[in-house]
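Here the structure comes first, spelled out in structure tokens, and everything after it is commentary.
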Amino acid sequence: MPFSIGFSDVIAIVALCVAGYSAKKTNDFNKKQQEFIETNNHLNKFLLRKATKEAVSDHQADISANFIKVGKSRTLKIFNKGKCTGRNVRISFPHGNELLSSSEIEKKFPAEIEPQSNIELLASMSLDAPRKITIHILWDDETAIDNSKTISPSV
């Protein structure tokens, strides 16, 4: 029996090829769509984390300290760079305090420090004074009680 290819066989082969091509393109499209969905989910999670972090930071104080030079003297500036008032701000010196007046500290602390404001303490410098001092800062804000930070600013 001779094998012959008729017009209907050609159309069937073309239809099979078109169906295969269509299936491949659909599969490629589905992969790209899945990648897009994963990227979109990742972006949404990132934006949610960022919005949550910003919402929390709107209710946090960020208390820090640094020495500044004022004329020929040095001043320890304790400042709030957060967006919320720091209440019951306290400072201590784990390795001793040789630079600042204890009576001045007792007068000014505990304190309340508004956002973008500060408290200044005059430092008494001598030749044998340390070049760094370790300061432990404790404060309360809307997010927590007894937030803490330990810093070692250079004189």
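Values reported hereafter were calculated over all heavy atoms of this structure, with side chains retained and with hydrogens, waters and symmetry mates removed.
Linking Ile, Leu, Val, Met, Phe, Trp and Tyr whenever their side-chain heavy atoms come within less than 4.5 Å puts F93 and V89 in one cluster.
Contact annotation: the side chain of E114 approaches that of E112 to within less than 4.5 Å [non-hydrogen atoms, C-beta and beyond]. You'll find the side chain of S154 stays beyond 4.5 Å of the side chain of F67, heavy atoms only. Within the 4.5 Å cutoff, the side chain of L48 has no heavy atoms near those of the N44 side chain. Using a 4.5 Å cut-off on side-chain heavy atoms (C-beta onward), L121 and I91 make contact. Within the 4.5 Å cutoff, no side-chain heavy atoms of P115 are placed close to those of K83. For the pair I135/I78, no side-chain contact is recorded, criterion being any heavy-atom separation below 4.5 Å from C-beta on. At least one side-chain heavy atom of T150 sits less than 4.5 Å from a side-chain heavy atom of H136. The closest side-chain heavy-atom distance from I105 to N97 is below 4.5 Å.
Side chain of D140 to main chain of D146: a donor-acceptor pair is present (N/O by atom type, distance under 3.5 Å, no hydrogens or angles). Distance alone, capped at 3.5 Å, is enough to place a donor-acceptor pair between the S124 side chain and the L99 backbone. Between the S117 side chain and the I113 main chain, no donor and acceptor come within less than 3.5 Å of each other. Put simply, the side chain of D141 gets close to the backbone of A61: a donor and an acceptor are under 3.5 Å apart. Side-chain atoms of S22 do not come within 3.5 Å of backbone N or O of V18 as any donor-acceptor pair. For the pair K149 (side chain) and I63 (backbone), a donor-acceptor distance under 3.5 Å is present. A donor-acceptor pair under 3.5 Å is absent between the side-chain atoms of D58 and the main chain of A55, judged by distance alone. No donor-acceptor pair under 3.5 Å is formed between the side chain of N88 and the backbone N or O of W139.
Results of the salt bridge (charged side-chain N to carboxylate O under 4.0 Å, His left out) test with D28 over K24, K31, K32 single out K24 as the only residue that passes.
Note that the CG atom of L122 and the OG atom of S101 stand 9.0 Å from one another [nearest 0.5 Å]. In this structure, the separation between CD1 on I68 and NZ on K77 is 4.0 Å, given to the nearest 0.5 Å. The CG atom of L47 sits 9.5 Å away from atom CD of E54, with the distance rounded to the nearest 0.5 Å. For the atom pair CG (N118) and NZ (K81), the distance works out to 13.0 Å, reported to the nearest 0.5 Å. Of the inter-residue distances, the one linking N80 atom CG with I119 atom CD1 reads 10.0 Å to the nearest 0.5 angstrom. With rounding to the nearest 0.5 angstrom, the CD atom of E38 is 11.0 Å from the NE2 atom of H42.
Heavy atoms from other residues, nucleotides or ligands lying under 6.0 Å from CD1 of I5 number 12 at most. Residue I11 qualifies as enclosed at atom CD1: its count of foreign heavy atoms under 6.0 Å is above 12. More than 12 heavy atoms of other residues, nucleotides or ligands shown are found within 6.0 angstrom of NZ on K108.
Heavy-atom minimum distance, S4 versus D9: O-OD2, 3.7 Å. Taking both residues in full, the closest heavy atoms of A65 and P153 are given as O-CB, 4.1 Å, listed atom of the first, atom of the second, then distance.
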